[in-house]
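Only one structure is covered here, and it is reproduced in the block below.
Note that these values count all heavy atoms, side chains included, but never hydrogens, waters or copies made by symmetry. All figures in this text were calculated on a predicted structure; none of them were measured in a lab.
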Amino acid sequence: MTPPLLLAAADSGSGMNTWVLGTLIAVYLGIIGCLGYRGFRRTASNKDYLLAGRSVNPFVMAMSYGAAFISTSALVGFGGIAGQFGMGLMWLVFMNIAIGIVVAFIFFGPRTRRIGLALDAHTFPEFMGNRFESNYLKVFLAAIIFLFMPLYSSVVLIGGARFLQEVMMIDYGWALAVFALVVAVYVVFGGLKGVMYVDAMMGTVMIAGMLSLLVMCYWKLGGVASAHQALTDMAPLVAERLPKEAALGHQGWTAMPKFNSVWWWTLVSSLMLGVGIGALAQPQLAVRFMTVKSTRELNRAVVIGSVFILCTAGAAYMVGALSNVFFYHADKGIAEGISGKLAIEAAGGNPDLIIPLFIRQALPPVILYIFSLTLLSAAMSTLSSLFHVTGSAIGHDLFRNLSSVKRDSVLITRLGVIFGIAVSVVLGIILPPGIIARGTAIFFGVCAAAFLPSYCAAIYWRGATRFGVWLSISVGVGVSLFGLVFLHSKESAALGICRALFGRNELVSEFPWPYVDTLVYSLPLSFFALVIGSWCSAKPSPAHIKNCFESYKIDG
């Protein structure tokens, strides 16, 4: 194995490389500190802390949205999954752009901004609670965010820590602690202004870094045509080297898995649908629509956001798939002990390590240090958004509605951020290897089933009722949890509850149900519950509906 880059003292250039790394990190943290301080100086009220004063530049908004959307769970976790599944995962990039950017910005963003302004909403739970005139709904949604958001935060933490562990040879526990500490500083003090300023800078770094990695990858593999042809020619190795995966539907890295196979259901239902559709109902993304001055800013942000997704997630998935060519044909002098192996074999069976291992083996040390800032940016930008949303749910939505103190408190919100960070670090320590992509898919799927029907109704259906929303969210969360515990084999087997109660890993063993993601049935049931509940309950008052949908029709 190549000696650890940071510890290779015998290398005559190691001192220089370490000095370069130290300088880059110092400059990087200095810029983050300045932007965080700028956010702190411009945060004078809770509206500033929670919504950045509703006056964010469209470029900053789009880059912040994209940076919060694409994290190390995408670049490291899903990039590694692409090393297993191949280029079929590029369909997820298409869905991220078509649904997560175009549909979100054009059909969800303007109405969310206008209705949020009319209702003076500062958070996603407050938006939904005010729209359906229920403080208890605010508390319920904030509790869901508090319970499930740390899972996503922890897998993003894991992605960044695994990168530092594999590439920089830093102890995993220390990596978790350093990540959490740095992000905590500018989130706690800078609020959403600090978060969005830093996200915009990090998003720019991510685009440059991922495009550079893709170009470097093609250069290493002899060009675009040569690289893709070599990957196509490796298809027979699936049956030879990965017989179990071949039996589950793997047909090569430039082909989709066999239709109606285990791998097809995993790719399509869990990864493509779960993450692709789930992006519409992410609280940390929805709140960004309320930070801009007018719909014009959202329209201008569509192209910026689309380019961002294509250049970051698209590059990561391509590199993940092509890493198989690199590892299998690598020069033994460059990648000692790696040559002749497929990507998942080189990573010891842990897909979370494929991208970090490829980066360490393929890039020269100095370039490696520069690119390291890309993945650090991806982790820190998403973490800052998740921690901010978790803190606002605890401090702004839970505390204000469950205590006798009804006024806003930036201090309580900041304490909520710290609490959310602590829970995420603990989960980052105890969660098992290879959890990044699956943990992301679980979180996105639960959010879609719980929030998407009611969120759609909040901005489009005047006849939706409070009871219908309660029923929809309860069904979405309940069915998702039931599916994870008793039906979807990946989680039900790991949890062991189904086996303890019924003596089997899943209640329904007939194919394909153990491999069908919970989103496939929880989301339609949640929509159905919303419609039935709204038809069977009292309609909202005309005055409230008029305030929501007509007060802010004119946009500057």
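For the side-chain hydrogen bond (donor to acceptor under 3.5 Å, both in side chains) test, no residue two or more places apart in sequence or in another chain qualifies with T266. Partners of T232 under the side-chain hydrogen bond (donor to acceptor under 3.5 Å, both in side chains) rule, at least two apart in sequence or in another chain, are T254.
Contact annotation: the side chain of M290 approaches that of V287 to within less than 4.5 Å [non-hydrogen atoms, C-beta and beyond]. Residues L141 and E126 fail the side-chain proximity criterion, which asks for heavy atoms closer than 4.5 Å. Here the side chains of I344 and P351 are in contact, with some heavy-atom distance below 4.5 Å. Using a 4.5 Å heavy-atom cutoff, the side chains of Y152 and Q284 are in contact. Here the side chains of V446 and F443 are not in contact, with every heavy-atom distance at 4.5 Å or above. Between F444 and L271 the shortest side-chain heavy-atom distance does not fall below 4.5 Å. By the 4.5 Å heavy-atom criterion applied to side chains, C217 and L213 are not counted as neighbours. By the 4.5 Å heavy-atom criterion applied to side chains, M256 and V268 are counted as neighbours.
Checked against the 6.0 Å centroid criterion, the rings of F358 and F326 qualify as a close aromatic pair.
For residues 295-318, there are no ring pair (Phe, Tyr, Trp, His ring centres under 6.0 Å) pairs, not counting sequence neighbours.
Within 6.0 Å of the OH atom in Y218, the count of heavy atoms belonging to other residues, nucleotides or ligands exceeds 12.
Using cut-offs of 30° and 60° on the angle between ring planes, the pair W91 and F94 is perpendicular.
With 3.5 Å as the limit, one finds a donor-acceptor pair spanning the side chains of T112 and Y455. When only modelled atom types and interatomic distance are considered, D517 and S269 share no side-chain donor-acceptor pair under 3.5 Å.
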* Using the side chain to side chain contact (heavy atoms under 4.5 Å, CB included) rule, take M272 and I277 through it: C-alpha gap first, then chi angles, then the decisive distance, then the call. => CA-CA 8 Å; M272 288 172 53; I277 296 175; over 6 Å; no

* To do: Begin with the C-alpha distance, continue with both residues' side-chain angles, and end with the deciding distance and a verdict on side chain to side chain contact (heavy atoms under 4.5 Å, CB included) for I145 and F451.
  => CA-CA 11 Å; I145 291 172; F451 301 146; 4.3 Å; yes

* CA sep, side-chain torsions, deciding dist, call: L211, V215, side chain to side chain contact (heavy atoms under 4.5 Å, CB included) -> CA-CA 6 Å; L211 286 179; V215 171; 5.5 Å; no

* Applying side chain to side chain contact (heavy atoms under 4.5 Å, CB included), run through F327 and L342 and close with a yes or a no. => CA-CA 6 Å; F327 289 127; L342 302 176; over 6 Å; no

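In this structure, Q84 contributes its side chain and I81 its backbone to no donor-acceptor pair below 3.5 Å. Judged by distance alone, the side chain of Q282 and the main-chain N or O of G278 form a donor-acceptor pair under 3.5 Å. Listed for the N96 side chain is no donor-acceptor partner under 3.5 Å among the backbone atoms of G276. Side chain of S226 to backbone of G223: no donor-acceptor contact under 3.5 angstrom is found. Under a 3.5 Å cut-off, the side chain of N350 and the backbone N or O of A347 do not form any donor-acceptor pair. For the pair D352 (side chain) and G80 (backbone), a donor-acceptor distance under 3.5 Å is absent.
Annotation for P283 and C447: closest pair CD-SG, 4.3 Å, computed over non-hydrogen atoms. Smallest separation of non-hydrogen atoms from S306 and I101: OG-CG2, 3.4 Å. Annotation for I207 and C311: closest pair CG2-CB, 4.1 Å, computed over non-hydrogen atoms. Annotation for A441 and S270: closest pair CB-O, 3.7 Å, computed over non-hydrogen atoms. Closest heavy-atom contact between I442 and L151: CG2-CD2, 4.0 Å. Between P110 and L298 the shortest heavy-atom distance is N-CD1, 3.4 Å.
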